[in-house]
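Contents: one structure, followed by commentary.
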Amino acid sequence: MKGGDSGACAYVVTAHKSTAVTHTVVGNFTSPTDLNLIVGKHTRIEVNKSSDIGLEPVREFNLYGKIQVLLLFRYKNETKDCLFVLTDRCYACILEYNDGKIITRAYGDMKDKNFQTSSLGVHAAIDPESRIVALRLFDGIIKIINLNSSNKQLTATTQRIDEIEVLDMQFLYVVSKPTLALLYQD
């Protein structure tokens, strides 16, 4: 290049995989009898199997987005768990392990152009009978996703709530209808 030519470009790439653990879940993901530890590391998920000698790596894969939520649940009348993932860009998916492959069972966009993502962080909960997922992505808003094992598209309904600063949420057990409990700050 000659003096004054500003045609220089920078190329930035990471040399190492993410190592910081951001999420962990335990369940029967690879088979009904396997006990799996699933570890989320920013944009990567590692699936491990518990054995007599310790943890054995089963599968590792990358996501196109930073993991915000990682939950295991089991559809009614199924024998192994599925993985619910929500990324920082509000894309949600349900993943299944089948014959050594990770299959996307359902997916959807949970963004809402009318609201800004909460500065308090994202909260998510799945009811104990795996009927619905509740997401608190925006202040004063809960998004409800019906978990139907036959749906390929995840869609959410929006519910306004009076509690703006939600600190945590969880579904109650032993109730006939899904009932969400909120811990919030006035």
Side-chain angles (χ1 to χ4, degrees), residues 18 20-27 29 37-47 61-78 81-96 102-186:
S18 297
V21 174
T22 57
H23 299 81
T24 59
V25 290
V26 175
F29 184 62
L37 171 65
I38 301 171
V39 180
K41 296 181 177 183
H42 291 287
T43 61
R44 189 165 52 103
I45 294 178
E46 297 175 354
V47 179
F61 58 97
N62 290 319
L63 296 173
Y64 296 106
K66 184 179 173 190
I67 301 167
Q68 291 292 313
V69 172
L70 189 67
L71 299 169
L72 271 180
F73 72 96
R74 187 171 301 182
Y75 284 115
K76 191 174 184 173
N77 301 323
E78 292 195 9
D81 298 328
C82 288
L83 191 62
F84 178 85
V85 181
L86 180 79
T87 67
D88 59 337
R89 294 189 178 172
C90 297
Y91 289 108
C93 65
I94 295 174
L95 304 175
E96 179 181 26
I102 302 296
I103 297 168
T104 303
R105 207 162 152 168
Y107 60 92
D109 187 354
M110 300 299 124
K111 279 187 286 205
D112 195 325
K113 62 183 175 188
N114 298 321
F115 305 107
Q116 184 175 359
T117 306
S118 175
S119 61
L120 296 174
V122 172
H123 299 289
I126 295 179
D127 91 289
E129 294 183 29
S130 300
R131 296 170 286 192
I132 62 173
V133 177
L135 299 173
R136 209 280 306 177
L137 307 169
F138 315 105
D139 292 331
I141 301 291
I142 298 283
K143 287 201 170 251
I144 304 293
I145 303 170
N146 283 322
L147 291 176
N148 184 337
S149 61
S150 63
N151 285 353
K152 296 287 184 199
Q153 184 70 33
L154 294 176
T155 57
T157 57
T158 302
Q159 300 290 320
R160 289 197 176 272
I161 57 173
D162 294 332
E163 299 76 20
I164 301 297
E165 294 186 29
V166 175
L167 303 174
D168 201 4
M169 61 186 198
Q170 201 60 244
F171 279 96
L172 299 179
Y173 284 78
V174 197
V175 291
S176 60
K177 293 180 184 176
T179 305
L180 189 64
L182 301 174
L183 177 64
Y184 67 95
Q185 182 173 334
D186 251 346

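Everything quoted here is computed from the prediction, not taken from an experiment.
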(request) Kindly write out the residues that satisfy side chain to side chain contact (heavy atoms under 4.5 Å, CB included) with Y107, not counting sequence neighbours, or none if the list is empty. (result) C93, T104, Q153

(message) I'd like to check the side chain to side chain contact (heavy atoms under 4.5 Å, CB included) partners of I103; sequence neighbours left out, ordered by chain and number.
(response) N98

With [X], which residues qualify under salt bridge (Lys or Arg N to Asp or Glu O under 4.0 Å), at least two apart?
{"X": "E96", "answer": "R105"}
{"X": "D112", "answer": "K143"}
{"X": "K66", "answer": "none"}

(request) Quick one: which residue pairs count as a ring-ring contact (aromatic ring centres under 6.0 Å, His included) with a foot in residues 115-159, not counting sequence neighbours? (result)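 Pairs touching residues 115-159 that pass the test: F115-F138.
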
Could you list the donor-acceptor pairs under 3.5 angstrom formed by side chains in residues 167-176, with sequence neighbours left out?
none

Which residues share a side-chain hydrogen bond (donor to acceptor under 3.5 Å, both in side chains) with [X], sequence neighbours left out:
{"X": "S130", "result": "none"}
{"X": "Y91", "result": "K111"}
{"X": "R131", "result": "D127"}

Would you list the atom pairs, donor with acceptor, under 3.5 Å between side chains in residues 178-186 and any protein atom, with sequence neighbours excluded?
| residue | atom | partner | partner atom | Å |
| --- | --- | --- | --- | --- |
| T179 | OG1 | K177 | O | 3.0 |

(request) Give every residue pair that meets the salt bridge (charged side-chain N to carboxylate O under 4.0 Å, His left out) criterion with at least one member in residues 144-162, sequence neighbours excluded. (result) none

(message) Quick one, I45 with I38, criterion side-chain contact (heavy atoms from CB on, under 4.5 Å). Give me CA distance, side-chain angles, the key distance, then yes/no.
(response) CA-CA 7 Å; I45 294 178; I38 301 171; 3.6 Å; yes

